[in-house]
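As structure tokens, the structure follows; a few thoughts come after it.
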Amino acid sequence: MRRIILIGYMGSGKTTVGRALSKETGMMFYDLDWYIESRMRKTVAQIFAEKGEEGFRKIEYNMLHEVAEFENVIISCGGGTPCFFDNMDYMNSLADTIYLKATPEVLAAHLRMGKGKRPLLEGKSPEELEDTIRQMLTAREPYYSQAKHIIDVSLLDTASKIQDSVRIIREILHL
Ligand code: S3P
């Protein structure tokens, strides 16, 4: 029985890598944000707007406990998931946790390209975006770095980043 959880800041490629790894291994893939949206029948942005970040974190905690009980799955969690409650300890207790680590510059570039709605980054100018990422990463790094494995995606070639990440994960976990 295998359980893999991908963590990392917004824009680090958790969902894309998780999906690609699932395709190659045949393991089921769950994205925690999508799971929350389908269970709550609301978007993450709506939940933030209605219940604030605190309300979202409680829901995220409960939903994490649902998906993390599934067996033979790959889960990508939200960028903030490891940083609240005892989520990081909980994930480490039942899964191979992998931190997709990237620099603020790389994350900002990915996020500028991405279309996804991120309430915590909404309305930021390009300069503000990078500053915010830098500050949040400093605060979050102590949690992220508790992952059992760390892959520095900034070091990987842009064109083959996803495939290289998948290959490295398969090597590390002997998949
Ligand atoms: C968040 C990241 C988002 C989502 C929410 C909060 C965060 O997920 O859970 O907007 O606090 O970093 P992604 O990392 O998948 O964008």
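Whatever order the structure lists them in is the order used to number ligands and atoms, beginning at 1.
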What do we get for L120 next to ligand 1 when only non-hydrogen atoms under 4.0 Å count, side chain, backbone, both or neither? side chain

Which atoms from ligand 1 have a heavy atom of P119 less than 4.0 Å away? 10 (O)

Polar atom proximity, G80 to ligand 1 (N or O, under 3.5 Å): yes

Where is the nearest protein heavy atom to atom 4 (C) of ligand 1: which residue, which atom, and how far? D33 OD2, 3.3 Å

With distance as the sole criterion, is a donor-acceptor pair present between the side chains of D31 and S76 under 3.5 Å? yes

In Å and rounded to the nearest 0.5 Å, what is the CD1 to CG distance from I98 to L100? 7.5 Å

Which of the atoms in ligand 1, numbered in the order shown and given with their element, are less than 4.0 Å from a heavy-atom of F56? 9 (O)

For G78, the ligand 1 atoms with a heavy-atom partner under 4.0 Å come out as 8 (O), 9 (O), 14 (O)

Give the residue and atom name of whichever protein heavy atom lies nearest to atom 16 (O) of ligand 1, and the separation in Å to one decimal. R118 NE, 2.8 Å

Would you mind checking if E105 and R134 are paired as a salt bridge, meaning a charged N to carboxylate O distance below 4.0 Å? yes

Less than 4.0 Å is my threshold; does some heavy atom of K14 fall inside it relative to ligand 1? yes

Is M28 reachable from M63 through a run of hydrophobic residues whose side-chain heavy atoms are each under 4.5 Å from the next? yes

The single option from E141, Q146, K148, H149 passing side-chain hydrogen bond (donor to acceptor under 3.5 Å, both in side chains) against Y99: E141

Taking NZ in K23 as the centre, count heavy atoms belonging to other residues, nucleotides or ligands within less than 6.0 Å. Is the count above 12? no

Atoms in ligand 1 with a heavy atom of R57 nearer than 4.0 Å: 6 (C), 7 (C), 11 (O)

Ligand 1 to R140, heavy atom cutoff 4.0 Å, flagged ligand atoms 7 (C), 11 (O), 12 (O)

In terms of heavy-atom contacts, does CZ of F48 have more than 12 from other residues, nucleotides or ligands at under 6.0 Å? yes

I'd like to check whether G79 has a polar contact with ligand 1, where a contact means an N/O of the residue lying under 3.5 Å from an N/O of the ligand. yes

Interatomic distance, CE@M1 vs CZ@F70, rounded to 0.5 Å, equals 13.0 Å

So, does E122 sit close enough to ligand 1 that a heavy atom of it is under 4.0 Å from the ligand? no

